[in-house]
Structure formats: C-alpha cells, structure tokens
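Worksheet: one structure, shown below.
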There are 2 protein chains.
Amino acid sequence: MAEPWHEELRARGYRVTPQRQLVLEAVTALRHATPEEICTEVQRTARGVNISTIYRTLELLEQLGLVKHTHLGHKPPTYHLASEADHVHLVCRGCGEVYDVTPTVAKGLVDVLEQEYGFETDVQHLTVYGRCRNCRTT
Amino acid sequence: MAEPWHEELRARGYRVTPQRQLVLEAVTALRHATPEEICTEVQRTARGVNISTIYRTLELLEQLGLVKHTHLGHKPPTYHLASEADHVHLVCRGCGEVYDVTPTVAKGLVDVLEQEYGFETDVQHLTVYGRCRNCRTT
DNA sequence: ATGTTTGCAAAGGATTTGCAATAAA
DNA sequence: TTTATTGCAAATCCTTTGCAAACAT
C-alpha cells in the first residue's frame, strides 16, 4: 500500500481512496478500456461505485500523468497506463482488434513531418486504421 | 443543376432535395466541419433545416461515397468531400488547427506495417497529433 | 397519386455537474 | 475537526428515432 503515487496525491492535497486505487488497478488490468468497461471492472470488487466517480478519477489520474487516453474510432475514449511502454495503436476495421506496436514504426513519418512541415509528432497518440493480417486473408 | 450525383441519387430511388444540395455545398465550403457546424452553415440559406436532417443527409452522402468523415480528437466527427485528394490530417494540440498533407508522408509507416505486421494501412484515415511550427516557437 | 423526406419532439447514450452525506487526513 | 470525495439525480451534449405533414417524382 506504500505506492509512490499515494504520496504524490497527498502532496498535492488530494486523498487516497479505495475508488481511486480500484480505478488504477482496473486500467492496469484491462488496457485500452472505456470508462464504462472500467466501471464494470471496478464494480466487481466494490459494487457501489458510481460511473461519475470513474470519470472524475480518470480525469485526475490523467492529470497526474498516471494514465492516458486515446480516441479509437467511434467508441468512447480508451484508457491505459502511462507507464506502459509507449506504443502506436493499430485498429483493425475487420475485427475491431487493437494492436500495440513499437513507436519505431513511425520513424519515417515523424522525420518527414519534422523536416517538411516543422510538425512535432506526438507518437504516443498515433492510431492507424486498416486491416490486420487475419482479416485480410478471410 | 444537372449535377452527376443527382442522377446517381434518383437511380437508387432517392430524391434530390434542397436540403441535400445545401448540405453538400456546406461540406464543400467548410472542410472538416462537424454536423453542428454544417447545420449552422446550411441554415444561413435555409433557416428551417433541422439538425436531424443534417445527420440523415450526411449518412446518406457518405453511403453514396460523396463525403467521408474522420475522428479528430475529442470533437464530434468532421466531414469533408470524398473527391478531395486523399490526405493525412495533422492536428495541432496547441492551436487546434487541422492541416492536410500528402499521403506520401506515410509511405515509410505503411511499408513497415505491411512488412512487419501484415497490416494494411488505411492512409486516408490517418490522423497525426502534435504541435505545428507556429505553436512550437511560441 | 405514391412513396420518400422532412421537421419536430421525444428517446438514447455518454459525460458532466450540483449538492448533501461520507470518509480521509 | 476539516475539507476532499463520493453517490445520486438532474442536466448537457451529441445523435438517433417515430411519426404525421410536406414534397419530389
């Protein structure tokens, strides 16, 4: 229970609550989960937790730099741990699967945008849509 | 008024209405506009047009392949003409500006994903977040 | 005339907010 | 005790849907 982020919270005048711990655990366990899905996961342990608490907690955790969110197509934003190695998301239009791949795949893109447009790419938020190997053959 | 898509519509049993023409004109004029913004634009000419008509029309026009939509961050989907040359979107986190750039910037990325992961990239739906030249210097 | 399309109002899903009660410090 | 946090309900925002009236063909 002596997790480092507990002190981080208190130092900023926030409080460590069971709800906040559970949300962080859920984000850790689920990877790329929507608020709704996180809520369901949290409620497996603590039934009473309200969806609005989930939203407020995710906002706080993101502010603290513990989690991040991405927009994957139509669906609500999905959250994942910030500490996870940075990755690029591949979203398959066929099966809907989300794959994480190394940011190095985007090196060429990043370099071109930098040189040609002076644009600094946020690689961690890069999402690529398309068709995965499985769905292309079927 | 003898636009080619009019026949296309009728051929499929749909009807050519003022609302549909206005929506297409608005999408043409605005580029990357949300349904809300398109509605406002349309209403400058025809006040009575309802937002639900905008949604239904955009859905129809997209089905016909005349317009496409993209998800740009938090905001509602934005629509643009399908006939516009394909492009990659650069979204600046600083000023919110959306830049269109040639899909060739993604060649490296596309090739790597193809070779390493067997993933077929949908370049037209690629959106890159980051900071534009202006916002980096300021 | 016939069947599509529209405007309106109501329903829906996701997210936010106000507030009194609860719990962390 | 003090004040941040929670649960609840209501409010908002965006989008969809049902339906009768209006319009394109």
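Every heavy atom of this structure was used, including side-chain atoms; hydrogens, water molecules and symmetry mates were not.
Of the candidate nucleotides C/dT17, D/dA24, C/dA25, C/dT17 has the atom nearest to the side chain of A/Arg56.
Judged purely by atom type and a 3.5 angstrom limit, B/Arg10 has no side-chain atom pairing as donor or acceptor with the backbone of B/Val16. Listed for the B/Arg93 side chain is no donor-acceptor partner under 3.5 Å among the backbone atoms of B/Cys132.
Taking the six-membered ring for Trp and thresholds of 30 and 60 degrees, A/His74 and B/His69 have ring planes inclined between 30 and 60 degrees apart.
What separates CD of B/Gln21 from P of D/dC23 is a distance of 15 Å, to the nearest Å. Separating the CD atom of A/Glu59 from the C1' atom of C/dT17 is a distance of 12 Å, rounded to the nearest angstrom. Summarising the geometry, the separation between NE2 on B/His6 and C1' on C/dT5 is reported as 15 Å, rounded to the nearest angstrom. Distance, B/Leu22 CG to C/dT6 P: 11 Å, rounded to whole Å. Look at CG on A/Leu58: it is 12 Å from P on D/dT6, rounded to the nearest Å. The interatomic distance linking A/Lys75 (NZ) with C/dA14 (P) rounds to 12 Å, in whole Å.
Proximity of residues 31-55 of chain A to DNA chain D (heavy atom under 4.0 angstrom from any strand atom) is restricted to A/Gly48, A/Val49, A/Asn50, A/Ser52, A/Thr53.
Nearest-nucleotide positions on DNA chain D place A/Pro18 closer to the 5' end than the other of B/Tyr14 and A/Pro18. Closest-nucleotide positions on DNA chain D for B/Arg10 and B/Pro77 were compared, and the one nearer the 5' end corresponds to B/Pro77.
For the residue pair B/Arg56/B/Ser52, the side-chain donor-acceptor check at 3.5 Å is satisfied. Side-chain N/O atoms of B/His80 and B/Asp100 include no donor and acceptor closer than 3.5 Å.
In summary, of the residues considered (B/Thr40, B/Ile38, B/Thr45), a side-chain contact (heavy atoms from CB on, under 4.5 Å) with B/Val42 occurs for B/Ile38 alone. For the side-chain contact (heavy atoms from CB on, under 4.5 Å) criterion with B/Leu61, the lone passing option out of B/Val27, B/Val67, B/Leu81 is B/Val67.
The phosphate of D/dT6 has OP1 or OP2 within less than 4.0 Å of a side-chain N or O from A/Thr17. Applying the 4.0 Å criterion to OP1 and OP2 of C/dA23, one finds that A/Gln19 has every side-chain N and O outside that range. For C/dT6, the OP1/OP2 oxygens have a side-chain nitrogen or oxygen of B/Arg20 closer than 4.0 Å. Applying the 4.0 Å criterion to OP1 and OP2 of D/dT3, one finds that A/Arg15 has every side-chain N and O outside that range.
Residues forming a ring pair (Phe, Tyr, Trp, His ring centres under 6.0 Å) with B/His125 (at least two apart in sequence, or on another chain): none.
Contact of the B/Thr53 side chain with the B/Tyr55 side chain is not registered, since no non-hydrogen atoms from C-beta on lie closer than 4.5 Å.
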For DNA chain D, the dot-bracket notation using Watson-Crick and G-U wobble pairs below 3.5 Å, [ ] for pseudoknot-type crossings and | for other-strand pairs, is |||||||||||||||||||||||||
